[in-house]
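Remarks on the structure that follows.
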Amino acid sequence: MDVEKIKADFPILKRKINGKKLVYLDSAATSQKPVQVISAIKEYYENRNANVSRSVHKLGEEATEAYENARKTVAKLINANSEKEIIFVRNATEGINLVAYSYFLPVAQAGGKIISTVMEHHSNIVPWQFINSMGIDLKFVGVTKDFGLDMENLNKIISAGTKLVTITHASNVLGTINDINQVSKIAHDNGSLFMVDAAQSVPHMPVDVQKLDCDFLVFSGHKMLGPTGIGVLYAKEEHLENMKPFNYGGDMIKEVGLEKTAFNDVPWKFEAGTPNIAGAIGLKAAVDYLNRIGFNSIRKHETKLTKYSLGEFSKLDNVETYGPSDATKRGCVISFNIKNVHPHDAASLLDRQGIAIRSGHACAQPLMEWLGAKAVARASGYIYNDKNDIDALVGGIEKVKRMFGV
Amino acid sequence: MDVEKIKADFPILKRKINGKKLVYLDSAATSQKPVQVISAIKEYYENRNANVSRSVHKLGEEATEAYENARKTVAKLINANSEKEIIFVRNATEGINLVAYSYFLPVAQAGGKIISTVMEHHSNIVPWQFINSMGIDLKFVGVTKDFGLDMENLNKIISAGTKLVTITHASNVLGTINDINQVSKIAHDNGSLFMVDAAQSVPHMPVDVQKLDCDFLVFSGHKMLGPTGIGVLYAKEEHLENMKPFNYGGDMIKEVGLEKTAFNDVPWKFEAGTPNIAGAIGLKAAVDYLNRIGFNSIRKHETKLTKYSLGEFSKLDNVETYGPSDATKRGCVISFNIKNVHPHDAASLLDRQGIAIRSGHACAQPLMEWLGAKAVARASGYIYNDKNDIDALVGGIEKVKRMFGV
Amino acid sequence: MLDMYAEEILERYKDPVNKGVIKNATSEVHETNPLCGDSLDIYLKIESGKITDAKFNGFGCAISQASADILLGIVKGKGVENAKNTTKDNFLKTLGISLSPARLKCALLSWHALMIAIGNRQNGH
Amino acid sequence: MLDMYAEEILERYKDPVNKGVIKNATSEVHETNPLCGDSLDIYLKIESGKITDAKFNGFGCAISQASADILLGIVKGKGVENAKNTTKDNFLKTLGISLSPARLKCALLSWHALMIAIGNRQNGH
Ligand SMILES: Cc1ncc(COP(=O)(O)O)c(C=O)c1O
Ligand SMILES: Cc1ncc(COP(=O)(O)O)c(C=O)c1O
């Protein structure tokens with residue numbers, strides 16, 4: 001993997017921030033976009049833009065083909081059984097809500113249990129609190145001292161009435177990569193469905209829904225070089241067939257009468273109204289780009305970068321990091337705190353040196369509470385980051401420490 | 001308004017379709033995009049791309065500012081009281097569903113009545129059938145012989161228990177521009193809320209939510225030069241304050257605990273997860289472009305074009321058109337049928353001449369039934385269309401007629 | 001490959017030979033095309049395992065009407081088991097029209113209905 | 001305009017003079033910043049319409065802590081009605097730090113809390 005060559009594909013990395021060259025270490029929030037993705041969107045609007053599904057004219061046919069090709073590319077990426085199992089949504093969050101509304105809301109009054117974890121992003125907590133308010137129990141699996149899921153706890157909480165176990169594949173705060181297969185087995189052994197929040201895994205490693213043996217899986221295009229406004233819900237076809245629609249309107253119907261309406265086949269049954277066509281096409285270009293590098297290479301590169309980062313961080317006094325110490329068990333997400341320095345101040349001061357990191361609760365307040373941290377600073381790497389970026393970050397942190405006299 | 005100059009801004013109009021120069025007359029389905037919009041998206045990804053709302057680094061601040069500026073531009077466009085009244089959604093369809101889920105689903109079991117019309121796009125019918133299945137009555141106002149809403153019928157149907165009257169501002173099949181103020185008055189006089197589907201009006205004429213006196217209004221970016229994947233729900237602030245959230249997750253919260261969550265202020269309460277940032281920025285560029293031309297000029301141009309089209313169509317034997325005959329009372333949408341020629345055949349044969357029109361039920365099957373037409377062919381114009389395009393269409397129709405011996 | 005609007009297709013559309021209703025049909029199937037709301041009825045009379053009569057009725061474009069007319073011409077007189085061998089690919093080859101993906105649905109509407117009518121449902125979708 | 005991290009601000013952050021808890025406070029307000037989950041408590045002792053003591057406590061960045069410290073220094077000893085005149089703009093002018101929109105929220109957290117504490121709620125948000 002030639003990071004120099006990759007960097008050259010990302011126009012934004014040439015930008016200067018506060019007079020310094022941009023060092024972008026906030027890819028867990030959103031990734032940057034290569035020229036190949038930006039051009040694919042541009043090319044679509046310049047040459048093929050039309051509404052999909054309903055036209056017989058050439059532009060319409062080309063747009064429809066491009067949109068459905070994107071679906072095929074995504075299906076292949078995660079090894080779905082068929083492209084019918086791919087629903088285009090706005091983002092991972094909407095994917096989770098779709099499952100909540102279409103599968104669980106109609107059965108919520110019958111009771112049962114949904115199990116999430118303390119490690120989740122708010123997107124995999126708050127929708128379930130809503131379903132919980134409609135009658136299903138909601139329980140959270142705890143986190144172990146070494147930043148993994150507490151499997152004993154899961155085994156204790158789970159019961160015959162459990163309808164769903166939903167966990168993040170990779171934590172956006174700790175980096176922890178959870179043992180999906182183990183959780184999947186426990187869920188299915190107890191007759192529960194199993195859902196994976198793959199927002200932080202699909203961009204960074206090979207993900208195979210059949211190997212993971214999950215019923216539902218979601219991720220966002222914008223975190224994997226794709227445009228904003230496009231995400232993916234994968235669901236086993238049998239579930240999609242049985243689920244109620246989510247949004248209602250054009251395109252998701254077969255026949256509409258004033259009294260009675262027949263819904264369209266999956267996946268279109270779940271895509272009401274004009275979809276984000278350019279978004280899907282941009283996502284396809286992103287997946288093509290990542291495929292050309294190869295997800296095994298990406299994972300290897302990031303593991304190396306994580307290992308290097310953890311080593312460099314461990315040399316810093318008064319800087320605490322959160323997450324597993326073994327780089328092979330985690331993603332390239334380093335959350336940390338400098339003693340007596342608020343993460344916002346750290347982030348602001350690093351920004352002055354051109355280094356972009358996240359600060360705050362990282363959309364994971366329950367995990368923050370568990371960590372005993374009100375907030376964290378978070379640096380996250382991707383294919384366009386290298387050791388130089390980590391060196392810049394570490395140098396920047398040292399400067400912050402000097403300013404605050406830490 | 002200099003249509004030649006405008007045409008030059010749209011790269012796709014230089015394209016050849018089947019060897020002929022593209023004549024795009026399907027803007028009611030989706031509009032084409034000027035270079036100014038395409039560039040705004042490109043510029044964002046190349047220079048300012050970051051996640052919004054949660055970052056203190058420069059890119060994040062710039063992205064947030066650009067996203068919120070787009071909201072301000074949209075608020076100004078429709079004369080909302082404040083930008084808090086603007087929710088970014090995927091498309092008009094999602095806007096209607098948001099109101100259905102967040103306002104009406106929680107009160108559906110209490111009964112009452114929702115009134116839609118026979119003239120609606122499926123997007124303003126099917127969501128209400130869903131709410132209807134939860135306990136609220138659903139009634140449809142009919143259409144008069146001169147293709148207007150049957151006000152007598154509305155007055156008969158409406159009653160004290162009516163919770164919502166929801167109608168299209170401009171019909172995507174007939175072109176009819178409904179008398180919104182009259183409907184608004186009837187709705188409010190009966191204690192009902194009032195919603196406008198403005199998908200076919202906001203792109204084409206000045207729309208002022210305060211003058212229309214509506215409680216909710218929706219439209220889509222892609223029909224007004226903007227990107228796919230972005231739409232707008234306008235709602236009076238007091239309604240937004242009282243409504244339940246729609247999608248749950250990141251960004252729409254203030255504080256998340258495992259047991260209890262405090263939701264964010266409006267409008268963010270309704271925007272869960274990473275929004276379509278580039279979509280909003282592209283929409284702003286589109287609105288800026290349209291504002292530069294001026295909505296009064298646009299309306300004038302389209303009225304002239306409609307008048308010309310109706311005149312030309314009236315000269316064609318065995319071609320029936322649907323919609324008001326007075327161009328000042330309708331949009332530039334001409335639905336028609338050639339005797340003994342199926343609209344698909346007409347559209348396919350026109351496509352061979354480079355002319356893109358829609359054919360089928362136009363997502364308005366109940367209206368088709370009322371018209372006694374199984375399907376229609378539909379040509380729709382916008383700022384980049386002129387008399388030459390209409391002449392090409394009419395010439396094309398004559399050719400189709402010859403082929404079919406009509 | 002024939003053009004979609006070849007003389008042959010247009011003639012079939014204007015003057016179909018198998019259009020109509022069979023009053024005492026043994027098998028009747030209604031199919032719709034969600035793209036356009038077009039619908040088609042297929043009527044078969046099956047006697048001792050043989051398709052002795054076949055008609056279609058309904059509203060549709062030249063492609064769907066002409067291909068229905070051609071399809072029924074092919075299977076009329078055939079044994080039901082034999083008719084089941086009219087696979088999608090075979091039929092399209094016989095039709096010999098060059099079709100875009102959207103119009104493919106039009107051309108196959110009658111074929112779907114026929115497969116259902118002769119009990120070949122898994123092939124029918 | 002001062003830099004966000006001017007010596008003066010950092011000193012205030014490291015050595016605040018108005019940080020702490022007032023046990024017998026007459027007014028107590030808790031405010032949070034949704035951006036970061038930071039929170040701040042404001043304690044006031046109001047006697048005969050005068051703010052005789054004012055303290056803040058909580059977790060926050062240098063900007064929010066220093067500005068809280070400065071703000072309470074301004075209003076301590078003032079009459080409540082007089083304190084109400086400390087408008088947002090006045091306060092920001094006094095602070096004199098150049099702030100980005102995101103960090104503006106940090107700087108104003110204590111001001112929002114104070115306005116609520118002295119019953120100037122409509123100004124507080
Ligand atoms: C009147 C009307 N309402 C709603 C819609 C739905 O718009 P969208 O598909 O962008 O949600 C359309 C466009 O197809 C329309 O013409
Ligand atoms: C683990 C995880 N899940 C879900 C999300 C939500 O993604 P989005 O905001 O794109 O819906 C994120 C990203 O913020 C995440 O890191």
Side-chain angles (χ1 to χ4, degrees), chain A residues 11-12 15 17 29-30 32-33 38 41-42 45-47 49-51 54-59 90-94 97 121-123 125-127 129-130 140 220 222 227-229 247-250 253 255-256 258 261 272-274 276-279 344 347-348 351 356 358-360 363 365-366, chain B residues 11-12 15 17 29-30 32-33 38 41-42 45-47 49-51 54-59 90-94 97 121-123 125-127 129-130 140 220 222 227-229 247-250 253 255-256 258 261 272-274 276-279 344 347-348 351 356 358-360 363 365-366:
Chain A
I12 207 171
R15 195 181 150 177
I17 299 284
T30 199
Q32 294 305 339
K33 323 300 173 198
I38 302 170
I41 298 168
K42 186 166 174 278
Y45 284 131
E46 287 183 352
N47 294 301
N49 174 68
N51 212 322
R54 288 171 293 187
S55 24
V56 301
H57 58 65
K58 183 141 186 89
L59 287 181
R90 176 171 33 245
N91 49 31
T93 303
E94 196 191 26
N97 278 273
H121 187 277
H122 291 161
S123 294
I125 294 176
V126 193
Q129 291 177 332
F130 163 61
F140 295 93
S220 289
H222 69 90
T228 55
N247 288 318
Y248 297 82
I253 55 87
E255 244 180 306
V256 173
L258 290 178
T261 285
T274 304
N276 188 351
I277 307 165
H344 272 7
S348 275
D351 183 51
R358 178 115 319 204
S359 58
C363 285
Q365 286 185 325
Chain B
I12 206 169
R15 194 180 152 179
I17 299 284
T30 199
Q32 295 303 338
K33 324 297 174 199
I38 302 170
I41 299 168
K42 185 167 174 279
Y45 284 132
E46 288 182 352
N47 293 302
N49 173 66
N51 213 321
R54 288 171 293 188
S55 23
V56 299
H57 57 66
K58 183 138 185 91
L59 288 181
R90 177 170 32 243
N91 48 31
T93 303
E94 194 190 22
N97 278 273
H121 187 278
H122 292 161
S123 295
I125 294 175
V126 194
Q129 291 178 332
F130 163 62
F140 295 93
S220 290
H222 69 90
T228 56
N247 288 317
Y248 296 82
I253 55 89
E255 244 180 309
V256 173
L258 290 178
T261 286
T274 305
N276 188 353
I277 307 165
H344 273 5
S348 275
D351 184 51
R358 178 115 320 206
S359 58
C363 286
Q365 286 185 324

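In what follows, every chain begins at residue 1, and chains take the letters A, B, ... in the order their sequences are listed.
- If you measure heavy-atom distances from B:Ser220 to chain A, you find no contacts under 4.5 Å at all.
- Per-residue heavy-atom pair counts under 4.5 Å with chain A were compared for B:Thr261, B:Asn47, B:Asn247, B:Ile38, and the maximum is reached by B:Asn247.
- Considering all non-hydrogen atoms of both residues, B:Gly250 and A:Ser123 come closest at N-OG, 3.4 Å.
- Partners of B:His222 by side-chain hydrogen bond (donor to acceptor under 3.5 Å, both in side chains), not counting sequence neighbours, listed by chain and number: A:Thr274, B:Thr30.
- The candidate from B:Ala272, B:Ala347, B:Ala92 with the greatest count of non-hydrogen atom pairs under 4.5 Å with chain A is B:Ala272.
- Heavy atoms closer than 4.5 Å to chain B are found in both the backbone and the side chain of A:Gln32.
- In this structure, chain A has a heavy atom under 4.5 Å from the side chain of B:Phe140, while its backbone stays farther away.
- For B:Glu46, the parts lying under 4.5 angstrom from a heavy atom of chain A are both the backbone and the side chain.
- The nearest pair of heavy atoms linking A:Gln129 to B:Leu258 is NE2-O, 2.9 Å.
- Minimum heavy-atom separation, A:Ile253 to B:Val126: CG2-CG2, 4.1 Å.
- Only the side chain of B:Asn91 has a heavy atom closer than 4.5 Å to any heavy atom of chain A.
- The contact between B:Arg90 and chain A is made by backbone and side chain atoms together, counting heavy-atom distances below 4.5 Å.
- Of all the listed residues (B:Gly279, B:Pro127, B:Ala50, B:Ala278), the one sharing the greatest number of non-hydrogen pairs under 4.5 Å with chain A is B:Pro127.
- Options A:Asn97, A:Ile17, A:Ile277, A:Ile125 differ in how many heavy-atom pairs under 4.5 Å they form with chain B, and the most are formed by A:Asn97.
- No other option in B:Asp351, B:Val256, B:Thr93 has as many heavy-atom pairs under 4.5 Å with chain A as B:Val256.
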